[in-house]
Structure formats: structure tokens, C-alpha cells
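First up is the structure itself, then whatever we jot down about it.
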Amino acid sequence: MFDQYKTVVGIAEAHHVVKKSRFFGEAAAVRTQAEVKEFLAQVQKRNPRASHYCYAYSIGSGDARREYATDAGEPTHSAGPPILAAVRGFGLSNVICVVARYYGGINLGVGGLIRAYGQCARDCLQNATIETCLFYEKLYVKVNYPNIGTVVTLCKRLDGKVINIRYEPDPIVEIQIRQKMVETFQAQLQGYGIGL
């Protein structure tokens, strides 16, 4: 199971000029739609006079991956898709890239826009610090008192983390474990007669 991804650390930036139109790219890590909207609002606030705010994002992985791109008023497929292509080209997930354009008075045509937005997004991501992150799953294991130590030991053996142990009224061990290790953890618990 694939349970890791590459994303941007902090905010990456780039600036690109084509025939007097100025393009300002910014990229950041996001995990939810709310974070997408928040980052877009921040970019709009930093670039209040831009004529367009085109962006693309990719969140999640595998079948759960959600991708979106918008031309935000530019000609169809001239801005969002080239930005998304840059995100895909760098193999990133849980990331948004926004390119704000200040119109310079000269029409660039669809081909010119595709090149300009794509280049600004690639430059932005090229300037980014990229890190590899892991997908974790949170599990709650209901156990009797003598088996608490067994659950904690199994979790640590699989590089998991014990988040919390609640003792009242029945013990529940809250753990965080890599997604690819969940089935192994469940199988080992069953070997001790413990279920999730």
C-alpha cells in the first residue's frame, strides 16, 4: 500500500514576466478544502490588484486523490491545467499552487498563457523545499487491563505511536500507525485474541 507523499514546506514563490504581464506564483501544503480556500484568500490579499488568480491543487493519494484546476476567467484550459501539470510533474500531493496574473495590456493568446502559467508554476515548485510525509491512521483498541502492554508493544514494534490510554470505564488505547501497517497490526492483535 502506498502511504507516503511529497509536499511543499512553507511557501514557495516565483515571479515571471511575459510581454508586460506579470505572473506571481505561490505554493504551499494543504490537506483540506478549507486550507485551499484559506491559502487562496491569502494570495488574493497579497496581490489585491491582480486580474486573475488561477490555481490547481492535489490532495490525498491513490483512489482518494482529489485534483482540481481552474482557469479563473482566463481562456479555457490556458491556466489551471498547466499549473496542475506542474504539480503532477513534481510528483506532489497535498499541495496548492496559485498563480496571480497582472495583465500588462498585451494579449498573449492561449498558447502564450499556457506557457506562461506553466512556467511560473514550474519555477515556483522548483524553488520549493520538498519533503516526504507519511499517511497515518488513527485506531482505537478496546482491551482488558492485562493486554494494554501487548497493544503498546505491538504498536511500537510497527513504528506506531501511542496517543492516549483511557482507563475508565474500559481501557481504550488510541494509537497512530502508518496506513500500510494497519493490516499487519490487526493480524498481530488477532494472534493475541484482541480485536479492534
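Remember, predicted model here, so these are calculated numbers, not experimental data.
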As an exercise, state the distance from [atom1] of [X] to [atom2] of [Y], rounded to the nearest 0.5 Å.
| X | Y | atom1 | atom2 | result |
| --- | --- | --- | --- | --- |
| Met181 | Asp159 | CE | CG | 7.5 Å |
| Arg22 | Arg101 | CZ | CZ | 11.5 Å |
| Thr7 | Leu92 | OG1 | CG | 6.5 Å |
| Leu139 | Leu189 | CG | CG | 8.5 Å |
| Gln188 | Gln190 | CD | CD | 11.0 Å |
| Leu158 | Lys180 | CG | NZ | 11.0 Å |

Please tell me whether Asn94 and Tyr57 have a donor and an acceptor in their side chains that are separated by less than 3.5 angstrom.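 Judged by distance alone, the side chains do not pair up.
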Report yes or no: does [X] contribute a side-chain atom to a donor-acceptor pair with the main-chain N or O of [Y] at less than 3.5 Å?
| X | Y | value |
| --- | --- | --- |
| Tyr53 | Asn47 | yes |
| Tyr145 | Tyr167 | yes |
| Asp123 | Ala14 | no |
| Glu35 | Arg31 | yes |
| Asn127 | Ala12 | no |
| Ser78 | Leu113 | no |

In terms of the angle between their ring planes, are Tyr117 and Phe23 parallel, tilted or perpendicular, with boundaries placed at 30° and 60°?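 Ring orientation of Tyr117 relative to Phe23: perpendicular.
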Under 4.5 Å between side-chain heavy atoms, counting indirect links through other Ile/Leu/Val/Met/Phe/Trp/Tyr residues: same cluster for [X] and [Y] or not?
| X | Y | value |
| --- | --- | --- |
| Leu125 | Phe39 | no |
| Ile114 | Ile83 | no |
| Val182 | Val151 | yes |
| Val30 | Ile11 | yes |
| Val43 | Val36 | yes |

Non-hydrogen side-chain atoms of [X] and [Y] separated by less than 4.5 Å:
| X | Y | answer |
| --- | --- | --- |
| Arg49 | Tyr102 | yes |
| Gln4 | Arg178 | yes |
| Phe24 | Val99 | no |
| Ile165 | Ile148 | yes |
| Ile175 | Ile163 | no |
| Thr129 | Val8 | no |

Which pair of heavy atoms, one from [X] and one from [Y], lies closest together, and at what distance?
| X | Y | answer |
| --- | --- | --- |
| His77 | Asp71 | N-OD2, 2.7 Å |
| Ile96 | Tyr55 | CD1-CD1, 3.9 Å |
| Gly104 | Ser21 | N-OG, 3.0 Å |
| Ala56 | Gly80 | CB-O, 3.9 Å |
| Gly60 | Arg65 | O-CZ, 3.8 Å |
| Phe90 | Arg122 | CZ-O, 3.7 Å |

Test log, rule side chain to side chain contact (heavy atoms under 4.5 Å, CB included), inputs Val141 and Ile172: CA-CA 5 Å; Val141 184; Ile172 295 177; over 6 Å; no
Would Glu67 and Arg88 pass as an ion pair if we require N to O under 4.0 Å?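 Result for this pair is yes, salt bridge flagged.
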Glu131/Lys6 salt bridge by N-O under 4.0 Å criterion: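 Salt bridge between Lys6 and Glu131, a charged N being under 4.0 Å from a carboxylate O: no.
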Just do the side chain to side chain donor-acceptor pair (under 3.5 Å) check on Ser58 and Arg66 with the steps written out, would you? CA-CA 6 Å; Ser58 177; Arg66 292 186 319 272; over 6 Å; no
Walk me through it: do Glu26 and Arg46 pass the test side chain to side chain contact (heavy atoms under 4.5 Å, CB included)? CA-CA 11 Å; Glu26 293 188 43; Arg46 286 190 286 272; 2.6 Å; yes
Stepwise side chain to side chain contact (heavy atoms under 4.5 Å, CB included) test for Leu154 and Phe185: CA-CA 7 Å; Leu154 287 175; Phe185 180 69; 3.9 Å; yes
Just to verify, which of Thr153, Val152, Asn147 counts as forming a side-chain contact (heavy atoms from CB on, under 4.5 Å) with Thr150?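 The passing option is Asn147.
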